Amino acid sequence: MFKFSYQKLSLLFAGCILAGFGLWKITDPTGAWSAATKRTEGISVPSSDACAIALAPHKGDEPTDREIRRLQDEARSGTKRIEIMKRLGWAFVEKARSSYDPGYYKLAQQCSLCLQSTQANDADAFLLQGHILDSLHQFKEAECVARKLVAIRNDASDTGLLGDVLMEQGRLDEAIILYQKMVNLRPDLQAYTRIAHMRWLKGDLVGAIEVMQMAVAAGGSREPEATAWAYTRLAIYKFQAGDMDAAAKYAGIALQFTENCAPALLLRGRILFAQNKASAAIESLRQAAALASLPEYQWALADALRETGDLAAAEEVESRLVNSGAANDGRTFALYLIARGELTQQALMLAQRELSVREDIFTMDAVAWTLKANNRLTEARDCSEKSLKEGTQDARLFYHAGAIAMALGDYAKAEVSFRQADQIKQVLTPSERVDFNRQFAALREWEKSLH
C-alpha cells in the first residue's frame, strides 16, 4: 500500500495530461459533423444520427486514418459492433491528439453516444465521453460523467479521470485523494505522471523529477505517445532546474518516441534559444507551431524571430496569432496581449471567461495579470495571492506577483517575488524576460537610491 507524502517519495502515481494545451477551436474534419448535427445543438443526439456521424467516410493516409477506416468497415458489418465502436472512439481520440485537430474529439463523442444508446450504463462509453469532455476543457460536465463512472466501476482509469477534472478546476486536495486510489489500484506510467505533476504543482520540483523518472522507466514503445509526453515533462522540469543538457536530452528522447510531438519540439526550441542557438531554435519552433497553431507556440516563435531581428516573419506569425488566439486558447492569448500592451480590456474578458470554466492557479494568475493591466491593482493582488496558494514554483507566477506588488508600492514583497522569479527566469518567454529584467532592475535602482 502506497501513501501520499510530499516529503518522501512513497506514492507512485501520475498520468498523461495530454489535453492541457489550450481551449481549442472545434473544427469539422470530415464535414459529417456540420451536416448531421445542425439540428441537434443543445439536445441529445438520436442514436442513429450519432452512429451515422461516427461512421461517415473518413479520409487521410496516416496509420491512424487507416485504422479508423478499418474499424468503421467492421462496425458497418455489424460484427461485435459495440466493442468496435469503443475502439473507433479511441482511434478518433488518437487522431485528435496526433493532428492537433480537436474536431476529431467530436467524432469520438458520437461513438460514445452511439454506445450509450445501446447500453445506457456502459462504463467504457462513459470513460470515453469523460475523457473527451476533459480534453475539450468542459470540466464541470466531465466531472459529472466521471462521478457516474466511478460509481459504476471505480477502475484506476476512472478515478484518474475524476482526479484530472478536479485538478483542472483547482481542487487539488480532492484530486490527491483520487490519485491515491488510482495508484493503489494500478501503479503505472499513467499514475506516475499524475503524481509528478501534482508534486510540481505543490512546489516539489525535486520530487516531481524523481517520480517522472519512474514514469519514463515504466513507459516504452507500446505507449509511444504517453512515453513521449512523460519525457517532455521530465525535460521541462530539468529546464526549470537549470540543467540544460539533461533537458535537451530528454526532449530529444521524447521525439524518438513521437517524431511530431509538438510540446517536445516547442521545448527543444526554447532550450536551444536559451543556449544562444537561435537558428536551430527557430527551426524547431517553426515545426512546433506548424503542428499546433496555439498561442503558446506562435508566441514563442514570434518572440524568437523578433530577438533575431526577423521582424517581417515575426509580424506574420503574430497576425495569425491575433486572428485565432481568442478561439484557440483565450487564457494564453490574454497573456500575449498584455505582453504586447494591446487590447487590455479584451485580455481581461478572455481571462475571466476562462476562470468561469477552470479555477486553477494559472487561470487565477492570468486574471491577476490582466487586472493589473487595467489598473485594478487591489483585485490583481488578491488574485495573484490565490495563484500562489499551492506553493507552485513557477517563474511567471512570481514575475507577475512581483510586478503587481511593485505597482502597489509593496517593494519588500516585490523584491521577494522577483528574486524567486530570477532563479528560474529561463522558462519565461523572451518578451516576458525582457519586461521582468526591466522591472527588477528598476526595483534595484530604487533600493540603491535609498542608501
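Computed from a predicted model, the values in this text were never measured in an experiment.
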Audit row: His131, Phe126, side-chain contact (heavy atoms from CB on, under 4.5 Å) steps and yes/no: CA-CA 8 Å; His131 181 88; Phe126 284 141; over 6 Å; no

From CA spacing to verdict: salt bridge (Lys or Arg N to Asp or Glu O under 4.0 Å), Asp422, Arg419: CA-CA 5 Å; Asp422 194 52; Arg419 288 197 179 279; over 6 Å; no

Between Val93 and Tyr104, is the side-chain contact (heavy atoms from CB on, under 4.5 Å) condition met? List the steps. CA-CA 7 Å; Val93 169; Tyr104 289 105; over 6 Å; no

Could you check Phe436 against Phe418 for ring-ring contact (aromatic ring centres under 6.0 Å, His included), going step by step and ending with a plain yes or no? CA-CA 8 Å; Phe436 164 71; Phe418 279 160; 5.5 Å; yes

Candidate pair Leu305 and Glu315, rule side-chain contact (heavy atoms from CB on, under 4.5 Å), full reasoning: CA-CA 9 Å; Leu305 291 166; Glu315 288 172 358; over 6 Å; no

Run the side-chain hydrogen bond (donor to acceptor under 3.5 Å, both in side chains) test on Lys425 and Asn437 for me, step by step, so that the C-alpha distance in whole Å, both residues' side-chain angles and the decisive distance to 0.1 Å come before the verdict. CA-CA 9 Å; Lys425 66 181 180 181; Asn437 288 334; 3.2 Å; yes

Please step through salt bridge (Lys or Arg N to Asp or Glu O under 4.0 Å) for the pair Asp382 and Arg376, ending with a clear verdict. CA-CA 10 Å; Asp382 293 344; Arg376 293 164 61 176; over 6 Å; no

One pair to check against side-chain contact (heavy atoms from CB on, under 4.5 Å): Ser417 and Tyr399. What are the steps and the verdict? CA-CA 7 Å; Ser417 296; Tyr399 152 49; over 6 Å; no

Please lay out, stage by stage, how Asp164 and Tyr179 fare under the test side-chain hydrogen bond (donor to acceptor under 3.5 Å, both in side chains). CA-CA 9 Å; Asp164 291 346; Tyr179 289 156; 2.6 Å; yes

Stepwise, does the salt bridge (Lys or Arg N to Asp or Glu O under 4.0 Å) test hold for Lys277 with Glu283? CA-CA 10 Å; Lys277 300 175 182 178; Glu283 180 182 355; over 6 Å; no

Show your reasoning for whether salt bridge (Lys or Arg N to Asp or Glu O under 4.0 Å) applies to Lys202 and Asp173. CA-CA 10 Å; Lys202 288 291 187 178; Asp173 291 341; 3.6 Å; yes

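A distance of 12.5 Å separates CG in Leu234 from CH2 in Trp229, rounded to the nearest 0.5 Å. For the atom pair Leu397 CG and Trp369 CH2, the distance stands at 11.5 Å (nearest 0.5 Å). The distance from atom CD of Gln109 to atom CD1 of Ile132, rounded to the nearest 0.5 Å, is 5.5 Å. Between the CZ atom of Arg97 and the OH atom of Tyr105 there is a distance of 5.5 Å, given to the nearest 0.5 Å. Taking CG of Asn328 as the reference point, atom CG of Leu321 lies at 9.0 Å (rounded to 0.5 Å). Separating the CG atom in Leu265 from the OG atom in Ser284 is a distance of 4.5 Å, to the nearest 0.5 Å.
The shortest side-chain heavy-atom distance between Arg268 and Gln287 falls under the 4.5 Å cut-off. For the pair Met214/Leu189, no side-chain contact is recorded, criterion being any heavy-atom separation below 4.5 Å from C-beta on. Using a 4.5 Å heavy-atom threshold, the side chains of Asp204 and Met198 count as separate. By the 4.5 Å heavy-atom criterion applied to side chains, Gln393 and Leu205 are not counted as neighbours. Counting only heavy atoms from C-beta outward, the side chains of Arg306 and Glu318 approach each other to under 4.5 Å. Using a 4.5 Å heavy-atom cutoff, the side chains of Leu185 and Asp155 are not in contact. Taking the side chain as every heavy atom from C-beta outward, His197 and Met167 approach each other to under 4.5 Å. In this structure, Arg153 and Asp124 have side chains that are in contact, with non-hydrogen atoms separated by less than 4.5 Å.
At distances below 3.5 Å, at least one donor-acceptor pair connects side-chain atoms of Ser387 with backbone N or O atoms of Ser384. Of the possible polar contacts, one joining the Arg270 side chain to the Val427 backbone as a donor-acceptor pair under 3.5 Å is found. Thr258 contributes no side-chain N or O that, together with a main-chain N or O of Asn260, makes up a donor-acceptor pair within less than 3.5 Å. Formation of a donor-acceptor pair under 3.5 Å by the Glu432 side chain with backbone atoms of Thr429 is found in this model. Here the side chain of Tyr237 pairs no donor or acceptor atom with the backbone of Thr232 at under 3.5 angstrom. Thr227 places no side-chain N or O within 3.5 Å of a backbone atom of Gly219 that could act as its donor or acceptor partner.
A salt bridge does not link Asp365 to Arg396: none of the charged nitrogens lies less than 4.0 Å from a carboxylate oxygen.
With Arg331 as the fixed residue, the side-chain contact (heavy atoms from CB on, under 4.5 Å) test singles out one of Val367, Thr370, Asp360: Asp360. With Gln169 as the fixed residue, the side-chain contact (heavy atoms from CB on, under 4.5 Å) test singles out one of Glu174, Glu143, Glu359: Glu143.
In plain terms, the two heavy atoms of Asn374 and Gln345 that are nearest each other are OD1-CG, 3.4 Å. Of all non-hydrogen atoms in Gly163 and Ala175, the two that sit nearest each other are O-CB, 3.4 Å. The two residues Ala108 and Gly89 have their closest heavy-atom pair at CB-O, 3.4 Å. The nearest pair of heavy atoms linking Phe273 to Thr308 is CE1-CG2, 4.3 Å. Pairing each heavy atom of Ala123 with each of Leu149, the nearest pair is O-CD1, 3.2 Å. Scanning all heavy atoms of the two residues, the minimum distance from Ala264 to Ala251 falls at CB-O, 4.0 Å.
Every residue two or more places apart in sequence or in another chain that forms a ring pair (Phe, Tyr, Trp, His ring centres under 6.0 Å) with Phe139 is listed here: His137. Looking at residues two or more places apart in sequence or on another chain, you find a salt bridge (charged side-chain N to carboxylate O under 4.0 Å, His left out) between Asp435 and Arg438.
For the pair Arg444 and Phe440, the cation sits on the ring face: its NZ or CZ lies under 6.0 Å from the ring centre, inside 45° of the axis.
Atom CD of Glu259 sits in a sparse spot, with 12 or fewer heavy atoms from other residues, nucleotides or ligands closer than 6.0 Å.
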